Every structure is written in structure tokens, then in C-alpha cells.
Amino acid sequence: TEVIFKDSFFNLEASKATPLVDAAHGRVGPDTIAKFLFTSGSTGTPKAVINTQRMWCANQVMARTELAFMQDEPPVMVEWAPWHHTAGGNKDFGVTLYNGGSLYIDEGKPMPGAIEATVRNLRDVAPTFYFNVPKGYEALLPYLRKDRALRENFFSRVKVLWFAGAGVSQAVFDEYKRLSVETCGEEVPFLTGYGATETGPFTLGRTWVTDDASNLGLPPPGADLKLVPIPGQGKYEARVKGPHITTGYWRQPELTQAAFDEEGYYRLGDAFVPADPKDLAKGLLYRGRTSEDFKLSSGTWVHVGALRAAFIDHFNPLVRDVVIAGEGRNELGALVFPAAGFSREEFASRFPSLAGTGSSNIIRRILVLEDPPSLDAGEMTDKGSINQKAVLKNRAAKVEELYSDAPSVLKIPEFAEFAEFERKT
């Protein structure tokens with residue numbers, strides 16, 4: 001197969017361009033549609049996002065400006081992210097093309113039974129720029145811990161670790177920094193960016209070292225970010241404008257109109273707070289999807305993003321993910337997707353220290369689910385992000401069980417039911 005590919009490439013290279021090629025090139029301009037990319041479905045039904053030539057090219061200039069080392073050293077990437085999504089198909093594929101790098105296509109995925117292929121590929125190729133989603137970093141971590149040779153190859157020439165697509169847990173963030181120091185004698189910058197299919201995707205980047213995994217940085221040159229206060233919640237909705245923003249959704253004018261505000265800013269649908277209110281240059285901290293937040297029956301707002309992150313960090317590495325329930329109810333509950341190494345005893349021992357300060361951040365009921373989140377049912381995207389609303393809708397019976405007196409439900413802080421809970425799970 002390799003020989004056939006090389007022969008085909010050499011034949012292509014030797015071919016002479018005809019006037020038809022120049023004519024086709026002449027018909028392409030900044031507003032020409034380059035591709036359609038569908039949103040991941042992490043918050044609703046996927047939509048066909050128009051990607052223009054201007055959008056893709058402008059975004060690559062932004063990324064190269066932020067990741068300036070690529071101007072001097074073409075990146076080497078080992079990449080699994082699917083090309084029908086914006087991270088793999090736009091940013092990372094584009095970074096390789098624009099900067100003359102090398103892209104090794106990884107057939108692995110951040111899932112049990114598939115992460116092994118990624119591990120095998122990372123034994124063969126040492127990246128200089130490594131991108132993964134948080135679930136990918138989590139899945140890779142046990143192999144790096146136990147395999148010194150893999151760890152040494154992985155860290156041998158990597159300049160930047162980069163995560164995106166979701167928030168990485170603080171524990172995973174800290175351990176990668178620790179492993180890099182242990183392996184190569186210095187901390188490899190564990191950086192991140194933020195964006196959406198509608199933004200090319202790159203529209204925020206943190207290119208400095210920090211101890212807070214939720215710091216997603218600042219917009220790159222050319223991007224104009226607007227922070228709109230969310231009444232009564234102490235955080236801001238982020239909106240963005242720039243040459244890297246989509247012109248809209250294909251043949252869905254109503255959705256296109258709703259996606260932009262009266263000043264032409266694209267509504268990202270995510271909330272942030274400043275890392276330092278007195279100095280915005282220190283970056284923005286991610287505080288979750290605005291569409292995921294809800295109110296208890298008391299009218300108190302629940303900020304789901306921060307609550308999910310704190311829960312996962314508290315139970316690391318026992319919990320794969322968690323969905324927060326309680327909209328219109330008196331108290332919060334949690335549907336827990338256990339990790340592969342889930343231990344009932346360890347899980348129980350950590351409950352007394354599960355802190356909270358009020359009804360909006362104290363989880364009173366927990367139900368551990370037997371079935372993992374389903375890709376086909378839209379409960380999870382192929383980048384590993386949970387669609388909270390889809391899980392709550394698809395598992396409505398489990399939500400009702402969560403708020404019942406069933407022995408399968410663990411109630412906090414009362415622990416009388418735990419023996420029955422343990423038997424059931």
C-alpha cells in the first residue's frame with residue numbers, strides 16, 4: 001500500500017497543470033465555501049456550518065501567531081481527531097499544511113479497546129505538538145505512568161501539550177506536568193484553546209503556563225471578544241466577531257439569525273469569568289455552557305459546568321463523567337458514569353468530604369449507571385464530551401429513580417442506605 005501511494009504521489013507531482021486548473025483556482029475567493037462541517041452535537045442536534053476560505057485561512061494565521069514556534073520548526077503530529085469535525089479537519093490538518101509539518105494519522109480513539117492503537121503509534125512517532133481531548137489524555141495516562149520507554153519517547157521532543165473540546169480535570173492536568181518534569185527534567189507547557197465549529201475553531205488560546213486547568217486564555221489577534229454579564233450569576237456570556245467566524249448554517253436562516261446578536265457577534269453559548277478581575281490579560285476561566293445551567297424549585301441557579309468539574313476532580317479516577325440533575329426540584333442529584341477502575345469502597349469513603357456551601361452546589365442524591373453513554377443516542381460525541389440534556393432525556397426513568405426512595409440511590413449526608421446501594425451496584 002505504501003508503494004502504491006508513493007507512486008501515485010510521484011505521478012501527481014510530475015503532472016503538468018492544464019488551463020483548467022488555473023481557471024478553477026481563479027474561481028476561488030475568500031467567500032467561496034470550502035466545506036461544510038457539522039457541529040459535534042454536545043448541546044443539541046448537529047448543524048451544517050458553512051466554512052469559507054476566508055474563515056479557514058484567517059484561523060490558521062491566528063493559530064500560527066499564537067503558536068509561534070511552528071514558524072521555526074514545522075510541527076510533527078500524531079492525530080486521531082476526526083476530519084469531519086473542526087478540531088481535526090480544520091485546525092490540526094490546517095496547522096500541518098500551513099506550516100509544512102508532518103501528520104501521522106492515528107487510528108486509535110480515547111476509548112477502551114481503541115486507546116491501545118494510540119499508544120502503539122506514540123511508541124513509533126514522537127510528536128512535537130500533541131493535541132488531544134481531555135478524555136484522550138485521561139485514557140493515555142495509565143500507559144504513560146507504567147511504561148518508562150513510552151514516556152521517554154512521548155516527551156523526547158514535544159514542545160507543547162494541547163487540549164481542547166472540553167475541560168480537562170485538574171488532577172490529570174497536574175499529573176502531565178509532573179510526568180514531564182520527571183521524564184525530561186522540565187515542565188512541558190500544557191496549553192489549551194477554545195472555540196466552536198462556527199469559529200474555525202480557534203478563538204481563545206492560553207499560551208502561558210498556569211496552575212488552573214480552567215484558564216482558556218485570551219482571543220488571538222484579529223478576534224474581537226465581547227463579555228456580556230449574565231444577570232444574577234456572576235459570570236459572563238462570551239460572544240465573538242472576526243474573519244474566522246462562519247457566515248451561518250447551510251439553508252437554516254432562522255438558526256443563523258439567532259446565532260448572532262444585534263452587533264453581529266456570534267453567540268458562543270459558554271460562560272466565563274476573569275482569572276483576575278483587575279487584570280484581564282491573565283485570561284478567562286471557563287464556567288460551562290449557559291444552556292446547561294438551570295434553576296432549582298427555589299429559583300436558585302445551578303452552574304453545571306463548575307459543579308461537574310469539581311465532582312469529577314473529587315472522585316478522580318473513579319468517575320468517567322457525571323450528569324447533574326435537579327431542574328425544578330428541591331435538591332441536586334447526579335447520574336454517575338463510573339470509570340473502568342471504579343471501586344465502591346473508595347467511592348463511599350470520599351463522600352464525607354464532598355463539600356458544598358448551599359443548595360446550588362451540594363449534591364444530595366447519586367445513582368451510579370450501569371450502561372456507558374451512547375454515541376448513537378447522542379449522549380456523547382466522538383470527542384468524548386457528554387451531552388447533558390440528551391442523557392437526562394434518554395434516561396428519564398433513571399432520573400425518576402434518582403429522586404425516589406429506591407435503595408439504589410445514595411443519599412447525602414445520610415449513609416444508612418449505602419449497604420443496599422453497594423449490593424445493587
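Numbering starts at 1 and runs along the sequence shown. Not measured: the values here are computed from a predicted model.
Distance check, rounded to the nearest 0.5 Å: OG of Ser408 to CG of Leu402 gives 9.0 Å. The OH atom of Tyr98 lies 5.5 Å from the CZ atom of Arg64; values are rounded to the nearest 0.5 Å. The distance from atom CZ of Phe202 to atom NZ of Lys91, rounded to the nearest 0.5 Å, is 6.5 Å. Separating the OG1 atom in Thr246 from the CZ atom in Phe36 is a distance of 9.5 Å, to the nearest 0.5 Å. Here Ile50 contributes atom CD1 and Arg251 contributes atom CZ; the two are 10.0 Å apart, rounded to the nearest 0.5 Å. Considering CZ of Arg206 and CG of Asp212, their distance stands at 8.5 Å, rounded to 0.5 Å.
Nearest heavy-atom pair, Val133 versus Pro110, reported as atom, atom and distance to 0.1 Å: CG2-CG, 4.2 Å. What you find for Arg123 and Asp147 is that their closest heavy atoms are NH1-OD2, 2.5 Å. Nearest heavy-atom pair across Thr192 and Phe163 is OG1-O, 2.6 Å.
A donor-acceptor pair shorter than 3.5 Å can be found between the side chains of Glu198 and Tyr249. When only modelled atom types and interatomic distance are considered, Asn316 and Gln170 share no side-chain donor-acceptor pair under 3.5 Å. For the residue pair Tyr194/Asp270, the side-chain donor-acceptor check at 3.5 Å is satisfied. The closest side-chain donor-acceptor pair between Asn90 and Asn51 falls under 3.5 angstrom.
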Glu400 and Arg329: CA distance, side-chain angles, deciding distance, salt bridge (charged side-chain N to carboxylate O under 4.0 Å, His left out) verdict | CA-CA 11 Å; Glu400 292 305 315; Arg329 298 180 185 267; 2.9 Å; yes

Would you sort out whether Tyr130 and Tyr176 count as a ring pair (Phe, Tyr, Trp, His ring centres under 6.0 Å), showing the intermediate values?
-> CA-CA 12 Å; Tyr130 188 68; Tyr176 269 91; 8.4 Å; no

Does the pair Lys398 and Asp371 meet the rule for a salt bridge (charged side-chain N to carboxylate O under 4.0 Å, His left out), with working shown?
-> CA-CA 11 Å; Lys398 289 294 182 183; Asp371 299 324; over 6 Å; no

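Geometric assessment of Lys35 against the ring of Trp56 yields a positive cation-pi assignment under the 6.0 Å and 45° thresholds.
If you look at Tyr286 and Phe272, their ring centroids are closer than 6.0 Å. Side-chain rings of Tyr143 and Phe154 stay apart, their centers remaining 6.0 Å or farther from each other.
Pro219 is linked by a side-chain contact (heavy atoms from CB on, under 4.5 Å) to Leu204, Ala223, Leu225, counting only residues two or more places apart in sequence or in another chain.
Between Glu138 and Arg320 no salt bridge is recorded (no basic side-chain N to carboxylate O distance below 4.0 Å).
Within the structure, the salt bridge (charged side-chain N to carboxylate O under 4.0 Å, His left out) test picks out the following pairs touching residues 154-163 (sequence neighbours left out): Glu73-Lys159.
Within 6.0 Å of atom CG in Asp279, more than 12 heavy atoms from other residues, nucleotides or ligands are found, so the atom counts as buried in its surroundings.
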